[in-house]
Amino acid sequence: MSKVTIDRIDFDVRSIRKQFPLLAQSVRGKPLVYLDNAATTQKPQAVLDTLSHYYAAGNANIHRGVYALSQDATQAYEGARSKVAKFLNAASPTEIIFTRNATEGINLVAQTFGRSMVAAGDEVVISEMEHHSNIVPWQLLCEEKGAKLRVAPINDDGELILDELAALLGSRTRLVSIVHMSNSLGTINPVRRIVDLAHERGIPVLIDGSQAAYHMAVDVRALDCDFYVVTGHKLYGPTGIGALYGRSRLLNDMPPYQGGGDMISSVTFEQTTYNELPHKFEAGTPHIAGAIGLGAAVDFLTEVGFDAIASHERRLLDYATGMLSELPGLRFIGTAREKASILSFVLEGVHPHDVGTVVDTEGVAIRTGHHCTQPVMDRFGVPATARASLAMYNTTDEIDHLVSALSKVREVFG
Ligand SMILES: *Cc1c(COP(=O)(O)O)cnc(C)c1O
């Protein structure tokens, strides 16, 4: 498939679905309607084949092996790094560090950049809509250093209040760490504006791209951000693999994260010198198969194309928003002007967990809970929400299934 254009309206969702074997199954005697993509996406055959081929025919430990199998595995692993670099438009593959997930990418920055740059009285700025993975690592750091975590507020639509964020940036701010797209609200933040505001004051910016990266094209150089994290299992890739993009100037100056094999250049009991980028940050045998699988996933995403994905998901979101708005007693949490692919809501008089349980009996998988964003729940005064989240393989038919399953909730709970 070659590159598609934005006005392509015949996005062939059926042929996309055929590439995801899991979607064909039935659950509780009903066709599965999978709408929990913000938690994890399903895997296309190309990724499954890559994983099984690697273990069946290509498995060997990487780096330092002189035999063909090891060299091939090394090439595939480093090839995957190049694919991820290209996917994010990094200047060089050496700016891509493989991690276990987005959470580890953020912890890596907190424990290396953070521990060396943040001192007592300094500040780290985040927002009220962050995932716990972009809150707790900074709390741990601030606690250790006697630094302060500052939180930029959001408005009633779930939009970041940019002026308030700007007002928090000062001479003690060492880092801004902000989500690109919220997993509980769907809000897309103006991250390029935030980077500009921070850079005007010489403050680096980390962007949590866990959600954004499978809905829209990400260009770390156009964003001009200093760090960007993604997580493989939401990118239609394997679990246990993620990537951290870091500007090489910063990565070079940062101390190592974990010590061990592969991250060293030489070791004596007196002194150890560290390997060059990116290996300095990858101690021990990495998730070789995962990285190669992630490479296949970004190939798949590139082949389908974000123009096609985004316009299909936009149509689905508009359709779903319209349909759900007609349900009596439904209140959306997260109505930002700039949002994508996420419908978080509460049904008056019904606990979100009950909503999830009833729609499950109809084969519809949605998530209920705080979505690892408890401060967002507090902000909106709800204990939890029900969340339907869309991916490229979802259809308007599935939205209809969700709506009729939600009508059942009303029948059950009155
Ligand atoms: C999923 C998610 C994370 C955490 O991803 P992991 O794969 O669990 O590390 C962080 N931030 C956002 C916005 C997310 O959606």
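Indexing begins at 1, ligand by ligand and atom by atom, following the structure's order.
Shown in contact with T231 at under 4.0 Å from a heavy atom are these atoms of ligand 1, numbered in order with element: 6 (P), 7 (O). The distance from ligand 1 to the heavy atoms of N183 drops below 4.0 Å at these ligand atoms: 13 (C), 15 (O). For ligand 1, the atoms lying closer than 4.0 Å to a non-hydrogen atom of A102 are 5 (O), 9 (O). Close approach of ligand 1 to V179 (heavy-atom distance below 4.0 Å) involves ligand atoms 13 (C).
Not one N or O of A38 is nearer than 3.5 Å to an N or O of ligand 1, by distance alone. Between T103 and ligand 1, at least one N/O pair is under 3.5 Å apart.
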V179/M129 under side-chain contact (heavy atoms from CB on, under 4.5 Å): CA gap, chis, key distance, verdict: CA-CA 8 Å; V179 72; M129 70 172 88; 3.7 Å; yes

Evaluation steps, salt bridge (Lys or Arg N to Asp or Glu O under 4.0 Å), between E95 and R249: CA-CA 9 Å; E95 296 183 317; R249 182 173 51 78; over 6 Å; no

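Each of I207, V229, I96 was scored for a side-chain contact (heavy atoms from CB on, under 4.5 Å) with Y245, with one residue passing: I96.
The CG atom of L149 sits 10.5 Å away from atom CG of L140, with the distance rounded to the nearest 0.5 Å. Interatomic distance, H215 NE2 to M392 CE, rounded to the nearest 0.5 Å: 10.0 Å.
The closest approach between a heavy atom of K234 and any atom of ligand 1 is below 4.0 Å. Distances shorter than 4.0 angstrom do not occur between any heavy atom of N134 and any atom of ligand 1.
Distance from atom 11 (N) of ligand 1 to its nearest protein heavy atom, with residue and atom name: D208 OD2, 2.6 Å.
The aromatic ring centroids of F20 and Y236 lie less than 6.0 Å from each other.
In this structure, a donor-acceptor pair under 3.5 Å is absent between the side chains of T74 and H63.
When non-hydrogen atoms are compared, ligand 1 lies under 4.0 Å from neither the backbone nor the side chain of E104.
Closest heavy-atom approach to atom 10 (C) of ligand 1 among the candidates A213, A212, S182, S210: S210.
Classification of E362 and K408 as a salt-bridged pair holds, one side-chain N sitting under 4.0 Å from a carboxylate O.
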